[in-house]
Amino acid sequence: MRTMKSGRIDFGTKEFAVREVPVPDPGPGEVRIKVGAAGVCLSDVHLISGLVSPLRNATAVRTLGHEVAGTVEALGSHVEQWKEGDRVTLQAIISKPWGVDTMGVDYDGGWAEYVVVPQEVLVAIPDTLPFDQACIIPDAVSTPWAAISHTANTQAGEAAAVWGVGGLGIHAIQLLRMIGAAPVIAVDPLAAARTNALNRGADAALDPTAPDFTEQLREVSGDHGLDVAFNFAGFPGVDEQILPLLARGGRLTITGLSGRPLTIENSVALIAHQHRILGHYGYLPPHVEQLVRLVDWKRLDLSTSISAHLPLEQAAEAVRRLEDKDGDPIRLVLIP
């Protein structure tokens, strides 16, 4: 029996380790991917710490990893569109009657040498797109892209702000600028993150803990307020800070998970100004395909998004670095 290395978590005990497990075989309609690179996301950190738990199968044992790119290595029956050697990135979300199944949560992910997935999640990538950049498109880039373009329906010329400019938020800054939002404001307590946001195209970068933060933001927006605001930070109190800063008809889109209740302190203003609070999760299949084209046509540059490469055996160290913000990483990538 062939075996491989795999970063496995027991959701029941929260124990995580890289183990030797059998290489999976593809079934009907499935393909086996030789993993070229796999991203490390804050969601993985939260799954290991227990801040986030699966909605179903809460005691399952799974291979983590929902940002994966690699090469088609074996085909199951009834697979005709793909061939061995095809270079692909993998959508991590599959629509189901009960909602969605997510790779690395509801079925085994790509912190492994090989992963088996349904053929419908494959997205072809060009030879010019490295695996380390391709793997982060699903989630690190596609989640903010879907939040911006689909959930919030952001329009050119709208004032936009992003709370939390880490792995997802920094790409939101790039994408908002790309579609013509103005101004684009980065909000983060870390000075290094704010500098990085300015380098990626933010018009201003503000510290939300500054005593005059509200005045600074209103000055940048011309006292207009925010048409769209995005919470990628996932810290308690962020949504409460954002709501009073919205313009009439403004939308707050929440992606970051705090695990705490959301309090609306002024429900009259919410109603009178027709504010909207929108929850956002993941992306739709076309979003990954759109982003691959945007990168291929050099409308979007992800070359500086990879902070470091670590071997799969050091997955726990990658999790620690991300959790501790050691080196202020945007995306750490595991290489099997």
Side-chain angles (χ1 to χ4, degrees), residues 36-39 41 66-70 86-93 121-188 193-205 226-230 232 251 253 255 280 282-307 329-333:
C41 176
H66 56 274
E67 296 182 345
V68 187
D86 283 346
R87 303 177 80 253
V88 295
T89 190
L90 309 181
Q91 301 172 42
I93 299 172
V121 307
L122 273 61
V123 176
I125 59 173
D127 292 342
T128 54
L129 181 56
F131 287 136
D132 59 354
Q133 294 180 42
C135 79
I136 70 168
I137 290 177
D139 194 25
V141 191
S142 59
T143 292
W145 176 236
I148 290 165
S149 64
H150 180 74
T151 300
N153 191 26
T154 308
Q155 303 297 307
E158 288 193 311
V162 176
W163 268 252
V165 286
L168 273 68
I170 195 63
H171 295 115
I173 295 294
Q174 289 179 267
L175 294 162
L176 285 164
R177 187 173 185 90
M178 183 185 73
I179 67 169
V184 176
I185 305 168
V187 182
D188 200 292
R194 296 196 299 273
T195 298
N196 194 25
L198 291 170
N199 292 336
R200 295 291 187 102
D203 297 295
L226 300 172
D227 298 300
V228 288
F230 300 90
F232 290 102
R251 291 92 74 199
T253 299
T255 297
H280 178 81
Y283 47 88
L284 299 173
H287 295 128
V288 177
E289 298 164 5
Q290 291 165 3
L291 289 164
V292 169
R293 288 196 299 274
L294 287 166
V295 174
D296 190 30
W297 283 96
K298 297 181 171 49
R299 301 298 193 269
L300 182 64
D301 182 9
L302 301 180
S303 61
T304 59
S305 293
I306 311 305
S307 302
I330 295 174
R331 260 306 182 264
L332 301 172
V333 172

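Counting from 1, the numbers follow the sequence of the chain as shown.
Looking only at side-chain heavy atoms (C-beta outward), T89 and E67 stay at 4.5 Å or farther from each other. S149 is not listed as a side-chain neighbour of I179, based on a closest heavy-atom distance of 4.5 Å or more. V162 has its side chain out of reach of I185: every pair of non-hydrogen atoms, C-beta onward, lies at least 4.5 Å apart. Looking at H280 and T143, their side chains come closer than 4.5 Å, going by heavy atoms from C-beta outward. Between I330 and H171 the shortest side-chain heavy-atom distance falls below 4.5 Å. L90 is not listed as a side-chain neighbour of H66, based on a closest heavy-atom distance of 4.5 Å or more. A heavy-atom distance below 4.5 Å is not found between the side chains of I125 and V88. A 4.5 Å side-chain heavy-atom check between I148 and F230 finds at least one atom pair inside the cut-off.
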- [ ] Apply side chain to side chain contact (heavy atoms under 4.5 Å, CB included) to the pair V141 and L300, showing each step before the final yes or no.
- [x] CA-CA 10 Å; V141 191; L300 182 64; 3.9 Å; yes
TODO: Could you walk me through whether T255 and T151 pass side chain to side chain contact (heavy atoms under 4.5 Å, CB included), step by step?
DONE: CA-CA 11 Å; T255 297; T151 300; over 6 Å; no
Open item on the list: What verdict does the side chain to side chain contact (heavy atoms under 4.5 Å, CB included) test give for T253 and V228, after you've listed the backbone C-alpha separation in whole Å, the side-chain angles of each residue and the deciding distance to 0.1 Å?
Closed with: CA-CA 8 Å; T253 299; V228 288; over 6 Å; no
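Across all their heavy atoms, G167 and R331 have their closest contact at CA-NH1, 3.6 Å. In plain terms, the two heavy atoms of A186 and I173 that are nearest each other are CB-CD1, 3.9 Å. Closest approach of D127 to R87, counting heavy atoms only: OD1-CD, 3.3 Å. For P126 against D296, the heavy-atom pair with the smallest separation is CG-OD1, 3.7 Å. For V165 against A193, the heavy-atom pair with the smallest separation is CG2-O, 3.6 Å. Residue C135 comes nearest to A37 through the heavy atom pair CB-O, 3.5 Å, listed as atom of the first residue, atom of the second, then distance.
The closest donor-acceptor contact from the side chain of Y283 to the backbone of A92 lies under 3.5 Å. No donor-acceptor pair under 3.5 Å is formed between the side chain of H150 and the backbone N or O of A147. For the pair Q91 (side chain) and P138 (backbone), a donor-acceptor distance under 3.5 Å is absent. Remark: side-chain polar atoms of R251 are paired, donor with acceptor, to backbone N or O of A152 under 3.5 angstrom. R299 contributes a side-chain N or O that, together with a main-chain N or O of W297, makes up a donor-acceptor pair within less than 3.5 Å. Side-chain atoms of R177 never come within 3.5 Å of backbone atoms of D203 as a donor-acceptor pair (strictly under, hydrogens ignored). Side chain of Q155 to main chain of N153: a donor-acceptor pair is present (N/O by atom type, distance under 3.5 Å, no hydrogens or angles). Between the R194 side chain and the D188 main chain, a donor and an acceptor come within less than 3.5 Å of each other.
Atoms CD1 and CD1, on I306 and I136 in that order, are 4.0 Å from each other to the nearest 0.5 Å. The CD1 atom of I93 lies 7.5 Å from the CG atom of D139; values are rounded to the nearest 0.5 Å. One finds the CG atom of L302 at 8.0 Å from the CG atom of L291 (value rounded to the nearest 0.5 Å). For the atom pair CD1 (I170) and CG (N196), the distance works out to 4.0 Å, reported to the nearest 0.5 Å. Atom OG1 of residue T128 and atom CD of residue Q133 lie 9.5 Å apart, to the nearest 0.5 angstrom. In this structure, L226 CG and E158 CD are separated by 10.5 Å, a value rounded to the nearest 0.5 Å.
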